[in-house]
Amino acid sequence: MRPQVIFTSFLAFAATSVFGLPVRATRNQVAVRAFVPTTDYQSFQISDGVAGNAEAEANAVFVDPFAGVDLATISEEDLDALSVMRELAEDAETQLFNPQIKAASGADADALQVGKIKNKVLKLTGLSQIQKIKIAKGQAAGDDTSSDEAKLEEEQTKLTKNIATDVKSAGQPSKAATGTVSPRK
């Protein structure tokens, strides 16, 4: 083997094994790049279509982009973006779904109600992911995370209930509420 190959291999091994940062940072950067923050609710809403798969659809927005990433390393910028997106989903429920369901009737009202449940799954999945990130960051810093863990458990209970409702409605038409919501100041 040539000395240059041995030396280059040694440097690569030393940089990744001893310090660990380049490999870890690269893996995290690639995974986090899959998360595309947005303030346009309609671009990430999951309520159109049919019921039954809201959990997977919500995970695709809030969870899957961070697969394989140490949640303690998520940037404050991405955590803030997740919070804004979760708030948009919550505001869509109260500002768009509730009045539109009240004004609708028949199949249209039913489809909006199914869409509202899917939106609740989206909102609660976002909230759960935010809590998981806060817990990971707190634990990494050596902080007491018991209040965040209690909040996560509470939100997981609500999420489980809404996922079950979505699954029970599998195959039924689901409709997104129309309109826009703006990020909170």
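FYI, side chains are in, hydrogens and waters are out, and symmetry mates aren't considered; it's all heavy atoms of this structure.
Here I133 contributes atom CD1 and S128 contributes atom OG; the two are 11.0 Å apart, rounded to the nearest 0.5 Å. In this structure, OG1 in T178 is found 7.5 Å from CD in Q42, a value given to the nearest 0.5 Å. To the nearest 0.5 Å, atom CG of residue N53 and atom CG of residue D166 are 7.5 Å apart. We find the CZ-CD distance between R184 and E87 to be 4.5 Å, quoted to the nearest 0.5 Å. Separation of atoms CG (L71) and CD (Q139) is listed at 10.5 Å; rounding is to 0.5 Å. Between the NZ atom of K134 and the CD atom of E149 there is a distance of 13.5 Å, given to the nearest 0.5 Å.
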Take L79 and E76, measure what side chain to side chain contact (heavy atoms under 4.5 Å, CB included) needs, and give me the verdict at the end. CA-CA 5 Å; L79 183 57; E76 289 301 317; 3.9 Å; yes

Can you list the steps and then say if I117 with Q113 is a side chain to side chain contact (heavy atoms under 4.5 Å, CB included)? CA-CA 6 Å; I117 295 300; Q113 183 61 42; 4.1 Å; yes

For S146 and D144, run side chain to side chain donor-acceptor pair (under 3.5 Å): C-alpha distance rounded to whole Å, both residues' side-chain angles, the deciding distance at 0.1 Å, then the answer. CA-CA 6 Å; S146 57; D144 176 19; 3.0 Å; yes

As a quick check of understanding, evaluate side chain to side chain contact (heavy atoms under 4.5 Å, CB included) for F44 and L88, giving each step before the final call. CA-CA 10 Å; F44 70 91; L88 289 169; 4.2 Å; yes

Test side chain to side chain contact (heavy atoms under 4.5 Å, CB included) applied to V121 and L159, step by step: CA-CA 6 Å; V121 171; L159 177 59; 4.0 Å; yes

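Side-chain atoms of L122 and F62, non-hydrogen and from C-beta on, do get closer than 4.5 Å to each other. Contact of the T125 side chain with the V61 side chain is not registered, since no non-hydrogen atoms from C-beta on lie closer than 4.5 Å.
Listed by chain and number, the residues in a side-chain contact (heavy atoms from CB on, under 4.5 Å) with K158 are L124, E154, E155 (sequence neighbours excluded). Applying the side chain to side chain donor-acceptor pair (under 3.5 Å) test to S169 and every residue at least two apart in sequence or in another chain returns nothing. Looking at residues two or more places apart in sequence or on another chain, you find no ring-ring contact (aromatic ring centres under 6.0 Å, His included) involving F97. Under the side-chain contact (heavy atoms from CB on, under 4.5 Å) criterion, E55 pairs with N59, I163, sequence neighbours left out.
In terms of heavy atoms, L112 sits closest to A104 at CD1-CB, 4.0 Å. Looking at every heavy atom in both residues, T39 comes nearest to P183 through CB-CG, 3.6 Å. The two residues S47 and G115 come nearest to each other via the heavy atoms OG-O, 2.8 Å. Closest approach of T94 to P99, counting heavy atoms only: O-CD, 3.5 Å. For the residue pair L127 and R86, the shortest heavy atom distance occurs at N-CG, 3.5 Å. A89 approaches Y41 most closely through the heavy-atom pair CA-CE1, 3.8 Å.
Residue pairs meeting the salt bridge (Lys or Arg N to Asp or Glu O under 4.0 Å) criterion with at least one partner in residues 111-123, sequence neighbours excluded, are E57-K118, E93-K120, E93-K123.
Hydrophobic cluster membership for L152: I135 (Ile, Leu, Val, Met, Phe, Trp, Tyr linked by side-chain heavy atoms under 4.5 Å, directly or transitively).
Hydrophobic clustering (ILVMFWY, side-chain heavy atoms < 4.5 Å, transitive): I130 and F66 are in one cluster.
A donor-acceptor distance shorter than 3.5 angstrom exists from the side chain of S75 to the backbone of D78, with no hydrogens or angles considered.
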